[in-house]
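Heads up: the structure comes next, in structure tokens.
So that the names make sense, note that chain A is the first sequence line, chain B the second, and so on, each numbered from 1. Values in this document were obtained by computation on a predicted structure and should not be read as measured data.
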Amino acid sequence: MAIIEDLHVSYRTYHDPKRGIRQLATRSKSPRRHTTVHAVRGVDLTLHEGEYFGLVGKNGSGKSTLLSAMTGLLPIDSGSVRVRSRPRLLGIGGAAMRPGVSGRQNLLIGGLAVGIPKRQMDEQLDELVAFVGIGDAIDRPISSYSSGMRARLQFTVATLTAPDILLVDEALAVGDASFKERAQDRIGQILGSAGTVVMVSHNVEDLAHRCDRVGWLVEGMIKEIGDPETVVEAYLADSAGS
Amino acid sequence: MTAPADSVQPQFVELGQAPTLSRYLRDLWSRREFAVYVPYQDLRFQNMHTALGQFWHFLNPAFTVFVYYVIFGLVLEVDRGVSNYIGFLIIGVLLYTVTTRIAGDAVNTMERDAGLIRSVEFPRALLPISAVNGQTMAFVPALAILFGSLLLTGERPSVKWLLTPVVLLVHYMVNVGFALIFARLGFGVRDMSQLITHIFRLMFYASGVLFLPERFISNPTLLKLFDVNPLYGVLAFGRWVWLDDMAMRGTVVFFLVLWAVVLPVVGIVLFLRAEYRFGK
């Protein structure tokens, strides 16, 4: 579980407008400057053990920033996130673990990195390869993988040990139907062992019928939170209106 | 001291807080198989596409020794006040090369394995430590070449040779310290990967790889700088153990042991404090 209190997160990015002929002629300094994006503005959220939490919101509403802040990858401006162990984030097009080596080898390296004994990994490897389900490609370097294949491998690695909190940011969107089903089974197991899953998806109907609770983010603040059907309905009505 | 009030949920931590040292070390220890298996695989992978393959692990140190032998033994015919100068030189060059390689590896390691850092959760110090392990494994064939060269240059096995594991252990500890520190610096300051070449070229001379400082430097302050240099200490210790007639001063031993403990501790603490910053 996680307790988030009055969380504010902002990040700085370069603002690089097109330079006109006059700036070039007068050789004025580049108009490039920092812009601060205040992406999460005061979120309070308590996630429970065994809870499947869905997060909806328009592009740019702060969903991904909230998840990144929960893993500690983005510094927090103010407020706090308290967790038992660092949440695991599964993002779309996420980093390839070790692009040059095979998928099978990456599974093994990932397992050893989280502290699973080598003997146990060797025993489980065939089973894990079957779970990834990408056939012979498992022995090819992951730099040659499609985004869907990579997502399957990453999901498998991320759930090698049951995480306390798993954050899924659209990571299943690129998988095919059969993999999505298997991934949901695995998520079910995580929830069953008192884990928490936070799912960000634009497939909101799916969230509405799978999740225990759904939160709706608008401009970095939670607009509504609670019963999945109700929140998703309100969100869809709002999207249709604007 | 009494327990803090919120000890009801002892495992709850504020995100972004550095883990405790004992927890960190325990987490590292539980990943020890990674630190052995992964660098071993990397080593095998390195020469996979060359014609001579794994033989390179022997050929590299052998060629290094050969080149130094030709230049200093045959062409220049110097002894620089050391009875077995070729042996002296080979020990210096081979040991020094390991540390240079490790530092060069370490300075890029957090960048190179950013994918792994973002994908799975593990104490990040595992990566530079693995880099040290890889180079230490690669040193095993070099060690065979080293002993072969010593025998060829007239050294005979002595009781002191039994101290070989101690030399390797002290060297390993110093290397772990360097690797952690350079990996941390390399992550914060990208320019480190350029600077490191120059740092280690300077260190090459400041560690007495090619010469015995006592014979060439009369300024006592400058000589003291050699004594506090951990790499000079490793080289001096190795030469004392493996060569017949080398002396080793007490201050050198003192500083060497000190660094072998202090450098890894400093490195681990640096990592602890930056743990959440890696992978951004």
Considering residues at least two apart in sequence or located in another chain, which fulfil the side-chain contact (heavy atoms from CB on, under 4.5 Å) criterion with A/D176? A/R152, A/S178, A/F179

Closest heavy-atom pair and its distance - B/P141, B/A138: CD-O, 3.2 Å

B/I268 versus B/A125, closest heavy-atom pair with distance: CD1-CB, 4.3 Å

Per-residue contact mode, B/D113 against chain A (heavy atom under 4.5 angstrom): side chain

Honestly, the part of A/T71 sitting under 4.5 Å from a heavy atom of chain B is backbone

With a 4.5 angstrom heavy-atom cut-off, could you sort out which part of A/M121 is near chain B: side chain, backbone, both or neither? neither

What are the two closest non-hydrogen atoms of B/Y172 and B/T136, and how far apart are they? CD1-OG1, 3.7 Å

For the residue pair B/F204 and B/Y96, categorise the inter-ring angle as parallel (less than 30°), tilted (30 to 60°) or perpendicular (more than 60°). perpendicular

Largest heavy-atom contact set with chain A, pairs under 4.5 Å, which of B/E275, B/R112, B/E121: B/E121

Rounded distance (nearest 0.5 Å) linking atom CZ of A/F53 with atom CG of A/L167: 11.5 Å

Chain B contact residues among residues 107-117 of chain A, heavy-atom distance under 4.5 Å: A/L108, A/I109, A/G110, A/L112, A/A113, A/V114, A/G115, A/I116, A/P117

Between B/L126, B/D27, B/V38, who has the most heavy-atom pairs with chain A when the cutoff is under 4.5 Å? B/V38

Value rounded to 0.5 Å, distance of CD in A/E181 from CG in A/L172: 10.5 Å

Any idea how B/F200 and B/F178 line up, ring-wise: parallel (<30°), tilted (30 to 60°), or perpendicular (>60°)? perpendicular

